[in-house]
*Asks:* 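Before I ask anything, here is the structure I am working with.
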Amino acid sequence: MSEHKDFLRTIVEEDLKAGKYQKVITRFPPEPNGFPHIGHAKSIAINFGIARDYKGHCNLRMDDTNPTTEDTKYVEALKDAVEWLGFEWDGEVRYTSDYFDKLYEWAKELIKMNKAYVDSLDEETMREYRGTVTEPGKRSEYAQRSVQENLDLLERMKNGEFKDGEHVLRAKIDMAAANMKMRDPLLYRIRHAHHYRAGDKWAIYPMYDFGHCLSDYIEGVTHSICTLEFENNRDIYNWVIDTLGLEPPRPYQHEFARLGINYTVMSKRKLLELVEGNYVNGWDDPRLPTIAGLRRRGYTPESILNFCESIGIAKANSTVDVAQLEFCIRDDLNTKVPRVMSVLDPLKVTIENYEGSEEFDAPYYPEDIPKEGSRKVPFSKEIYIEREDFCENPPEGYYRLTPTQSVRLRHGYIITCKEVIKDAQGKVIEIIAEYNPDSKSGSDTSGIKVKSAIQWVDVATAKEVEIRLYDRLYKNEAPQTLEDLNPDSLKVIKNALIEPAVITDKPDVRFQFERQGYFYADPIDSTDAHPVFNKIVGLKDSWGKKEKVKAPRAERKSSEKKVQIDGEVEPMSDEQQKLFDKYTSELQLNSMVADILARDEKLSTFYAEVLALNNSAVTIANLVANEVARELKEANKLQFKASDVAQLVQMLDEGTISNKIAKEVFEEMAKSGEKPSDIVTSKGLVQISDPAAIEPIIDDIIAKNPENVEKFKAGNNKLLGFFVGQVLKATGGKANPQVVNELVAQKLK
RNA sequence: UGGGGUAUCGCCAAGCGGUAAGGCCUCGGUUUUUGGUACCGAUAUUCGGGGGUUCGAAUCCCUCUACCCCAUCCA
C-alpha cells in the first residue's frame, strides 16, 4: 500500500479503529446489462483492493433488479473481468434477485409502519406531482390508503393481477424535500417480464434505491462504495435502513469520482451505440475501453491495475490523460516481452557485395532487461528495411540511412548506400548497398561509428503477417458525437513482414517490434497460416515528436489573468445596517468583521453578551466572527457560554496566553465545555515570552538544520516560518510566537 | 433557480495553521547497436477570485465565481 491513503481507505481505517466493524466487507455491484469497461476496473480495484488491504472480503453481486435489460451474457463478462484482473470474490457470486423474497417482506414491513403506500397515479401525473427543483411537490391522494388495502394491493401486484404501470409501491417520506430523490421514491414497480434468473415468479421488481441498501445489509457489507452520481441517493439509503430499524452493524455509502479518459467514451449508452452501429467490431474491439477490448488489444491485467492505482481516488470530476494509460502498458511490457524485428512498409535493399547466407544469434532482450533467450535471424543478399528508415534528402538530425550516411542493420552489419533506384514516378523502389564485412554485430573491428541501428528482415525467409494498427478511437479530446470519431483509428496492413522465429518458435504472444511498439498476437484471428498482430501501443518517439513540432508553432499560453466578475451581494436590512454602523464607528471593527456579525443574528447576539463582560471589542469581534462562527456552523449548538469567551479574551489581553494557545483552548472548550482557565491550568498552557528561555531552543534548532539555514541566508524567506514552527513545536506551542519570530530573524541575519 | 458535490501545474493527485509531495505529459542532459529503457536535472513565489482572522493561511472565517449531479416506473 502506498504511504498516502486515499479518502476511502482513511474512512475504513477510522471505522476499524473505532471498532465500528470487526471486518471490512465491500462489494462490487454491477448491473448485468452491459460489458464492463475500464471504469469498472477502477471500481473493482477499489472494492477488492480495500478488502485485500484490510484483510476483509469483497463480494461480487449482480444488481439485477431490472429484468428488461439484463442478461446472463453480461454476468459472464463481469465475472470474467474480475477474474482476469486477478481478484477473487468471496464465496459464490451474489444476486439481488436471490434476495427478492426478503426484500418483499421488508416492503410489507414498511407498509405496516405506514411508511410506504401503493400509488396508482399514472406516470405523467406522478411527474407533475413531484414538483420541480425549486417548487415542492404534492402527495398523491392514494397515499391515504389503509395499511390493509396497501398490503392487499401489493400482494396482488406481486401476483400479477395488474398491468405494467397500473400501480407502484412508494416510500412515504416528504414530497417537499429539497432533495428530489426523497419525494416519496418508488420502491417497486410492476413488470410482466421474464427475469433471466428469477424466471416468471415475480410480476413486481424492486427499484435500485430499495434493493441496493438492503442487499448490502443482507451481505453484511460495511462500506458501500459507489460513484458520485449516487450522492443524492444516500439519503434514501439511510432512510430505508433506519426506518426499518435494522440492527447494526449496518453499511454506509461513500462516493468517489468515476473514471474518465480523454479521446474515448465510457458511458454504456455510447459504447452500445458504437457496437450496435458497427462503428467498431463488437464489444471486444481493441479500440474500445471495455475490459474485453483492452484485453484483446494486448493490455495486461497488471498494467490496468497499475493504472488504477496511479490515478488515485478522489471526489473531483476528472478526465485522465490517455497517455497515463499508455505509460502503464509500456512500463509493464518493457520488462516482460521479447524484442523482434518486423517491417511494416518494406523497401528492398540489395547488398551487392554479399554472397550466400548466414544466421545471426540475436538475444530477445536488451542488456538492461535481466531475461535470457535468443533466436537465429537469417540474413542474405536481399533484405527489406522500413521505408521510413531511408531518406534521400534528410532533414537535420536524421540518424538513419541516406545516400551519404551508413547505418547498422540491427544484430548484423553496417551498410552503406551505393545507388538509389526509382520508378517512373520518382518513387524509390530499391537501394543498392554495400556491407562492411568487419562490422558484424558483436565482433565489429571496422571502427566505423554509425548514428543508429535499424530493423530489417531477410527477403527469402521473412514471414508475411497481418498487422492491425490501432489509434485513438476519437479525434477529439472530449468526444460528443459520432462525428468526433477518428477515421484513422484502424489501419490494417495485410502483408507486413516479420522475422521467422516469431512464427516458428512462438516465444511469446506479446512482443516489442523494435523501434515500433508493442504488439499482441490476436487471440481470435491469429493462426499459424495467417498470423495477425494487434498494435498495443507505440514506443515513445522523441524523433517523430520533434518532426511534428516543427509544423505548428502558433499557440502560446495566454498569460493574462482572467478577470472574474463578482456577483451582487445581498443588501442589509435596516436593522443590520444600524448594527453595522455601530460596529464600525463606535467599536472600531473593520468592515468585514462588522459585516459578518451584523448579518448573523446569532453571532451579533453572542457578541453583545460577551461584550457586556469584557470590553476588548475588536478581539472579541474577531473571535466571534471566526471561531464562534465555525462552531455554530459545525455544531449548531455551542458548548460554551459568553462568559467563557470573555474569560478567554481576558487571558489573551493579560498576555497569559498567546493567540495560538487561545485557539487551542477555544477548541477544547468547544468540545468539552470546560472553563478556559481550567484548560490552561490543567494543560500548563501559559505562554513563554522570556527570551532567555527561548533562545537555547532556537540555537538547538539552528544547529540541527544547517541546510535550511543556508537556504534562508541565500534568500529563501519562507523558511522563517519553518524555524518558528519548529520552535513552537519544541515548546508544545507555548513559546510566544512574536518573540520567537523576532529572535529567529535576529539570529539568522 | 432549491438541494447535494467539486475547484491545488497541461492531465491525475497529496496536503487538515509552520519549507506546495508524487506520477503522467513536456523540456534539457548522460548511458545505449531500439531516436526504446535506465539515470540525472528543469518545470506552481502559489492553491478558482476578492476580502478578513493570525507572528504565519492551500488549510480557519466571510463572500463571489465556475463546473458536475438530482425533477426515469434506469442503475
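Reminder, nothing fancy here: chain letters follow the sequence lines and each chain counts from 1.
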*Asks:* Which label fits B:rU72, syn or anti, where anti is any glycosidic angle not within 90° of 0?
*Replies:*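 It is syn.
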
*Asks:* Along nucleotides 38-46 of chain B, 5' to 3', which nucleotides get a B, which get an S, and which get a -, given that the test is a protein heavy-atom distance under 4.0 Å?
*Replies:* --------B

*Asks:* Rounded off to whole Å, could you give me the CG-to-P distance for the A:Leu409 and B:rU34 pair?
*Replies:*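 To the nearest whole Å, that distance equals 14 Å.
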
*Asks:* Record whether the side chain of A:Arg400 comes under 3.5 Å of the base of B:rG35 through a donor-acceptor pair of N or O atoms.
*Replies:*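 Looking at the base of B:rG35, it does pair with a donor or acceptor on the side chain of A:Arg400 (distance under 3.5 Å).
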
*Asks:* Determine the contact category for A:Thr319: base if any of its heavy atoms lies under 4.0 Å from a base atom, sugar-phosphate if only primed atoms, P, OP1 or OP2 are that close, otherwise nothing.
*Replies:*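 Sugar-phosphate: the residue A:Thr319, judged by heavy atoms under 4.0 Å, touches backbone atoms but no base.
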
*Asks:* Which atom pair, heavy atoms only, marks the closest approach of A:Phe722 to A:Asn708?
*Replies:*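 What the structure gives for the nearest pair is CE2-ND2, 3.1 Å.
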
*Asks:* Could you check whether A:Phe511 and A:Phe519 have their ring centres less than 6.0 Å apart?
*Replies:*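 Here the rings of A:Phe511 and A:Phe519 have centres that are no less than 6.0 Å from each other.
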
*Asks:* Is any side-chain heavy atom of A:Gln455 closer than 4.5 Å to a side-chain heavy atom of A:Asp389?
*Replies:*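 Counting from C-beta outward, A:Gln455 and A:Asp389 do come under 4.5 Å.
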
*Asks:* Looking only at side-chain N and O atoms, does A:Lys633 come under 4.0 Å of OP1 or OP2 in B:rC62?
*Replies:*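 Affirmative; the distance criterion is met.
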
*Asks:* Go through B:rC55, B:rU34, B:rU26 for me and flag the one nearest to the A:Asn741 side chain.
*Replies:*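 Output: B:rC55.
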
*Asks:* Rounded to the nearest angstrom, tell me the gap between atom NZ in A:Lys440 and atom C1' in B:rU33.
*Replies:*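 Going from A:Lys440 (NZ) to B:rU33 (C1'), I get 15 Å.
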
*Asks:* Watson-Crick or G-U wobble partner for B:rG10, using a 3.5 Å limit on both distances?
*Replies:*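 Paired with B:rG10, as far as the under-3.5 Å criterion goes, is B:rC24.
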
*Asks:* Send over the distance from A:Ile261 CD1 to B:rC12 C1', rounded to a whole Å.
*Replies:*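 Distance check: A:Ile261 CD1 to B:rC12 C1' gives 11 Å.
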
*Asks:* Reckon A:Asn317 has a side-chain N or O less than 4.0 Å from the OP1 or OP2 of B:rA7?
*Replies:*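 So the side chain of A:Asn317 is outside the cut-off, no N or O lying under 4.0 Å from OP1 or OP2 of B:rA7.
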
*Asks:* Assess whether a salt bridge exists between A:Glu123 and A:Arg189, defined as any Lys/Arg side-chain N lying under 4.0 Å from an Asp/Glu carboxylate O.
*Replies:*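 Judged by the 4.0 Å cut-off on N to carboxylate O distance, A:Glu123 and A:Arg189 do not form a salt bridge.
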
*Asks:* May I ask you to test the A:Leu169-A:Tyr117 pair for a side-chain heavy-atom distance under 4.5 Å?
*Replies:*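 Of all side-chain heavy-atom pairs linking A:Tyr117 with A:Leu169, none is under 4.5 Å.
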
*Asks:* With sugar-phosphate meaning primed atoms plus P, OP1 and OP2, does A:Asn590 contact a base, only sugar-phosphate, or nothing at under 4.0 Å between heavy atoms?
*Replies:*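 Sugar-phosphate, backbone atoms only, no base.
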
*Asks:* What integer distance in Å separates A:Arg183:CZ from B:rG3:P?
*Replies:*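 About 12 Å, once rounded to whole Å.
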
*Asks:* Would one find a side-chain N or O of A:Gln738 under 4.0 angstrom from OP1 or OP2 of B:rC55?
*Replies:*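 Checking B:rC55 against A:Gln738, a side-chain N or O does come within under 4.0 Å of OP1 or OP2.
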
*Asks:* Please work out if A:Phe230 contacts a base, only the sugar-phosphate, or nothing of the nucleic acid, heavy-atom cut-off 4.0 Å.
*Replies:*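 Base, at least one base atom sits under 4.0 Å.
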
*Asks:* Look at all strands and tell whether A:Arg599 reaches a base, only sugar-phosphate, or nothing, counting heavy atoms closer than 4.0 Å.
*Replies:*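 Nothing: the residue A:Arg599, judged by heavy atoms under 4.0 Å, touches no strand.
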
*Asks:* Picking from B:rU33, B:rG17, B:rG36, which would you name as closest to the side chain of A:Lys660?
*Replies:*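 Among B:rU33, B:rG17, B:rG36, the one nearest the side chain of A:Lys660 is B:rG17.
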
*Asks:* With a 4.5 Å cut-off on side-chain heavy atoms, are A:Ile414 and A:Ser446 touching?
*Replies:*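 Touching, per the 4.5 Å side-chain cut-off.
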
*Asks:* Please give, in whole Å, the distance from B:rA75 P to A:Glu231 CD?
*Replies:*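 Checked: the CD to P distance equals 20 Å.
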
*Asks:* Just checking A:Leu187: base, sugar-phosphate only, or nothing, at a heavy-atom cut-off of under 4.0 Å?
*Replies:*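 Nothing, no heavy atom under 4.0 Å.
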
*Asks:* Does a side-chain N or O from A:Arg191 land closer than 4.0 Å to OP1 or OP2 of B:rC74, or not?
*Replies:*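 Indeed, a polar side-chain atom of A:Arg191 lies that close.
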
*Asks:* Which nucleotide, if any, forms a Watson-Crick or G-U wobble pair with B:rU34, using both distances under 3.5 Å?
*Replies:*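 Pairing partner: none.
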
*Asks:* Regarding B:rU65, can its base be found pairing with the side chain of A:Asp566 as donor and acceptor, where the two atoms are less than 3.5 Å apart?
*Replies:*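 In this structure, the two groups form no donor-acceptor pair.
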
*Asks:* Once you round it to whole Å, what is the distance between P of B:rA14 and CZ of A:Phe7?
*Replies:*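 Going from CZ in A:Phe7 over to P in B:rA14 covers 9 Å.
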
*Asks:* Within the structure, does a side-chain N or O atom of A:Arg515 lie under 4.0 Å from either OP1 or OP2 of B:rG35?
*Replies:*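 For B:rG35, OP1 or OP2 has a side-chain N or O of A:Arg515 closer than 4.0 Å.
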
*Asks:* Atom CE of A:Met341 and atom C1' of B:rG36: how far apart are they, to the nearest Å?
*Replies:*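 Computing the A:Met341:CE to B:rG36:C1' distance gives 15 Å.
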
*Asks:* If you go through the side-chain atoms of A:Asn232, does one of them form a donor-acceptor pair with the base of B:rG3 closer than 3.5 Å?
*Replies:*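 In this structure, the two groups form a donor-acceptor pair.
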
*Asks:* Counting only side-chain N and O atoms of A:Arg189, is one of them less than 4.0 Å from OP1 or OP2 of B:rC74?
*Replies:*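 Indeed, a polar side-chain atom of A:Arg189 lies that close.
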
*Asks:* Please classify the nucleic acid contact of A:Asn716 as base, sugar-phosphate, or nothing, using heavy-atom distances under 4.0 Å.
*Replies:*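 It contacts nothing in the nucleic acid.
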
*Asks:* A:Lys663 NZ to B:rA57 C1': how many Å, rounded?
*Replies:*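 Result: 9 Å.
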
*Asks:* Is the centre of the A:Tyr413 ring less than 6.0 Å from the centre of the A:Phe360 ring?
*Replies:*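 Yes, they do, as the ring centres are separated by less than 6.0 Å.
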
*Asks:* Report yes if the distance between the aromatic ring centroids of A:Phe230 and A:Tyr237 is under 6.0 Å, otherwise no.
*Replies:*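 No; A:Tyr237 has its ring centre 6.0 Å or more from that of A:Phe230.
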
*Asks:* Heavy atoms from C-beta onward define the side chain here; which of B:rC61, B:rA13, B:rC74 lies closest to that of A:Ala629?
*Replies:*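 That would be B:rC61.
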
*Asks:* With a 6.0 Å cut-off on ring centres, are A:His167 and A:Phe162 close enough?
*Replies:*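 Yes, the ring of A:His167 comes within the 6.0 Å limit of the ring of A:Phe162, centre to centre.
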
*Asks:* So what does A:Ser591 hit on the nucleic acid, given a heavy-atom distance under 4.0 Å: a base, only sugar-phosphate, or nothing?
*Replies:*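 No contact.
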
*Asks:* Quick one: is B:rC11 close enough that its OP1 or OP2 comes under 4.0 Å of any side-chain N or O from A:Ser318?
*Replies:*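 A:Ser318 to B:rC11 OP1/OP2: no side-chain N or O under 4.0 Å.
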
*Asks:* Between B:rC12, B:rC74, B:rC27, which nucleotide gets closest to the side-chain atoms of A:Met207?
*Replies:*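 Side chain of A:Met207 sits closest to B:rC74.
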
